[in-house]
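Down below is the structure, laid out as structure tokens.
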2 protein chains.
Amino acid sequence: MAKRKETSTNHMNREYINDECGIAYAIDIMAGRWKLKILYKLEKKTMRFRELKERIPNITDRMLTLHLQELEADGLISRTVYAEVPPRVEYQLTESALLLIPVWDQMNEWGHQHREKQRQSVDLAVKPAS
Amino acid sequence: MAKRKETSTNHMNREYINDECGIAYAIDIMAGRWKLKILYKLEKKTMRFRELKERIPNITDRMLTLHLQELEADGLISRTVYAEVPPRVEYQLTESALLLIPVWDQMNEWGHQHREKQRQSVDLAVKPAS
DNA sequence: GCCATTACTTACATTTTTGTGTGTATCATA
DNA sequence: TATGATACACACAAAAATGTAAGTAATGGC
């Protein structure tokens, strides 16, 4: 896991915020670059490491590993190891993560709409008289 | 605004993800350290810079400025400047941001519950036989 | 013995975010 | 003339996140 300095102001502020605010905590554990992609893939079915890697363009082994570890530590996914060679490891959403799916759907909806609105207003700002 | 290097792989991956995934985009624009605190304060009423600063312990002028600018650029808050001395600037949520409130409430609920579950399972892992 | 496969790990570099401290323009008031 | 209030800006430092490249253990098949 990426080591963090537990005495930094940065770290302490993060803890303080996540500790008193449920949304901030929720956002914090979902906010890694590829985390939502991973969760979204696992929403459909349990998958192996290599499977995820193939279905998420541009992600590297390292980032996938890091994010999977953090998601597991944060209770969003669970990991099942099979005693085989070559190794087989399967990832799936936890019960807790499943509860979030409807919320994700709403956020997705909102995200798409808001992004469109934003694009339009940016376009207007760039060429106001067209 | 914090300058970003538009040619970095980091930056391009972010764009690629936010571009095709509504949730990732939504999370991305809400995910700054103090952003949800700010939004949460503004949910109740419009506020001035100094007012926000006083109500958000530990935040610095700089972080408040940066986040307010980013939230404005991302269409979550709007800024009103009054021609007075000393200056008066008021911030409020946009229509778009207001639509998110019910989603925030659900995430908040989930966050509190999940954090409790997490704490319990971590406690169990540390002292399994108590 | 050599290679392939899988799920990682490690060391290091780059980019981004966050934090610290100080400075600025404006005008009213003391 | 000096001070205070407001909403920032600027330069710099520290920490955290992300990216790049290479390596590892285990074992079955050739």
Side-chain angles (χ1 to χ4, degrees), chain A residues 1-18 24 27-35 37-38 46-54 56-72 77 79-91, chain B residues 1-18 24 27-35 37-38 46-54 56-72 77 79-91:
Chain A
M1 224 131 307
K3 311 97 196 172
R4 290 168 192 155
K5 195 169 179 182
E6 307 220 338
T7 58
S8 69
T9 305
N10 186 323
H11 183 266
M12 285 166 58
N13 280 339
R14 177 197 222 133
E15 296 242 305
Y16 147 65
I17 289 172
N18 287 356
I27 297 280
D28 194 44
I29 66 180
M30 300 191 288
R33 170 75 83 245
W34 310 89
K35 281 184 185 170
K37 276 260 176 196
I38 295 171
T46 70
M47 286 199 198
R48 304 177 60 176
F49 186 94
R50 198 74 10 206
E51 230 175 328
L52 281 166
K53 169 122 204 245
E54 277 158 18
I56 302 178
N58 300 336
I59 198 171
T60 62
D61 275 24
R62 173 172 145 74
M63 286 314 293
L64 184 51
T65 303
L66 273 178
H67 280 157
L68 287 172
Q69 287 171 345
E70 289 176 11
L71 289 169
E72 194 196 358
I77 63 174
R79 206 174 88 106
T80 314
V81 184
Y82 296 87
E84 300 176 3
V85 167
R88 180 155 68 100
V89 180
E90 289 189 348
Y91 294 93
Chain B
M1 221 130 314
K3 313 98 196 170
R4 288 168 191 155
K5 194 168 178 181
E6 307 221 336
T7 58
S8 68
T9 305
N10 186 325
H11 182 266
M12 286 167 57
N13 280 338
R14 176 196 223 133
E15 295 242 305
Y16 148 65
I17 289 172
N18 287 357
I27 297 279
D28 194 44
I29 65 180
M30 301 191 287
R33 173 74 84 245
W34 309 90
K35 281 184 184 170
K37 276 260 176 197
I38 295 170
T46 72
M47 286 199 200
R48 304 177 59 176
F49 186 94
R50 199 71 17 202
E51 228 176 328
L52 280 165
K53 169 122 204 245
E54 276 158 20
I56 303 178
N58 299 334
I59 199 171
T60 61
D61 275 23
R62 172 171 146 74
M63 286 314 293
L64 184 51
T65 302
L66 273 178
H67 280 157
L68 287 172
Q69 287 171 345
E70 288 176 12
L71 288 169
E72 195 196 356
I77 63 174
R79 206 175 89 106
T80 313
V81 184
Y82 296 87
E84 300 177 5
V85 168
R88 180 156 67 100
V89 181
E90 288 189 348
Y91 294 94

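The figures that follow rest on heavy atoms only: side chains count, while hydrogens, waters and symmetry mates do not. All values derive from a computational prediction rather than experimental measurement. Every chain is numbered from 1 and lettered A, B, ... according to where its sequence line falls, protein lines coming before strand lines.
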[X] side chain, from C-beta outward: closest of [options]:
X     : options               : value
B:F49 : D:dA16, D:dT6, D:dA7  : D:dA7
B:M63 : C:dT18, D:dA16, D:dT6 : C:dT18
B:P86 : C:dT17, D:dT6, C:dT6  : D:dT6
B:R79 : D:dC8, C:dT26, C:dA7  : D:dC8
B:H67 : C:dT18, D:dA16, D:dT6 : C:dT18
B:N10 : C:dT16, C:dG19, C:dA7 : C:dT16

Is it the case that the side chain of B:R33 and the backbone of A:N10 share a donor-acceptor pair, with hydrogens and angles ignored and the cut-off at 3.5 Å?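 Checking the backbone N and O of A:N10 against the side chain of B:R33, a donor-acceptor pair under 3.5 Å is found.
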I'd like to know if B:R88 pairs up with B:E90 as an ion pair, taking the criterion as any Lys NZ or Arg NE/NH1/NH2 lying under 4.0 Å from an Asp or Glu carboxylate oxygen.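 B:E90 and B:R88: salt-bridged.
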For B:R33, which contact category applies under a 4.0 Å heavy-atom criterion: base, sugar-phosphate, or nothing?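 Answer is sugar-phosphate: B:R33 comes under 4.0 Å of backbone atoms only.
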Tell me what B:D61 touches on the nucleic acid: a base, only sugar-phosphate, or nothing, going by heavy atoms under 4.0 Å.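 The residue B:D61 makes base contact.
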Looking at [X], I'd like to know whether one of its side-chain N or O atoms comes within less than 4.0 Å of OP1 or OP2 on [N].
X     : N      : answer
A:R62 : C:dC12 : no
A:Q69 : C:dC8  : no
B:Y91 : D:dC8  : yes
B:R14 : D:dA17 : no
A:R88 : C:dA7  : no
A:T9  : D:dA15 : no

So which one's nearest nucleotide on DNA chain C is more toward 5', A:N13 or B:S8?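 Result of the comparison: B:S8.
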Given that A:H11 and B:K5 both sit by DNA chain C, which one's nearest nucleotide is further toward the 5' end?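 Nearer the 5' end of the strand: B:K5.
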Presence of donor-acceptor pair under 3.5 Å, side chain of A:R4 and base of D:dA16: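 Answer no: no donor N or O sits under 3.5 Å from an acceptor.
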Rounded to the nearest 0.5 Å, what separates atom CG in A:D28 from atom CZ in A:R14?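 If I round to the nearest 0.5 Å, the distance is 4.5 Å.
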Could you give me the CA-CA distance, side-chain angles and deciding distance for B:R79 and B:L68, then say whether side-chain contact (heavy atoms from CB on, under 4.5 Å) is met? CA-CA 9 Å; B:R79 206 175 89 106; B:L68 287 172; over 6 Å; no
What is the distance, to the nearest angstrom, from the [atom1] atom on [X] to the [atom2] atom on [N]?
X     : N      : atom1 : atom2 : result
B:Y82 : D:dT6  : OH    : C1'   : 15 Å
B:I17 : D:dG19 : CD1   : P     : 8 Å
A:E51 : C:dC8  : CD    : P     : 14 Å

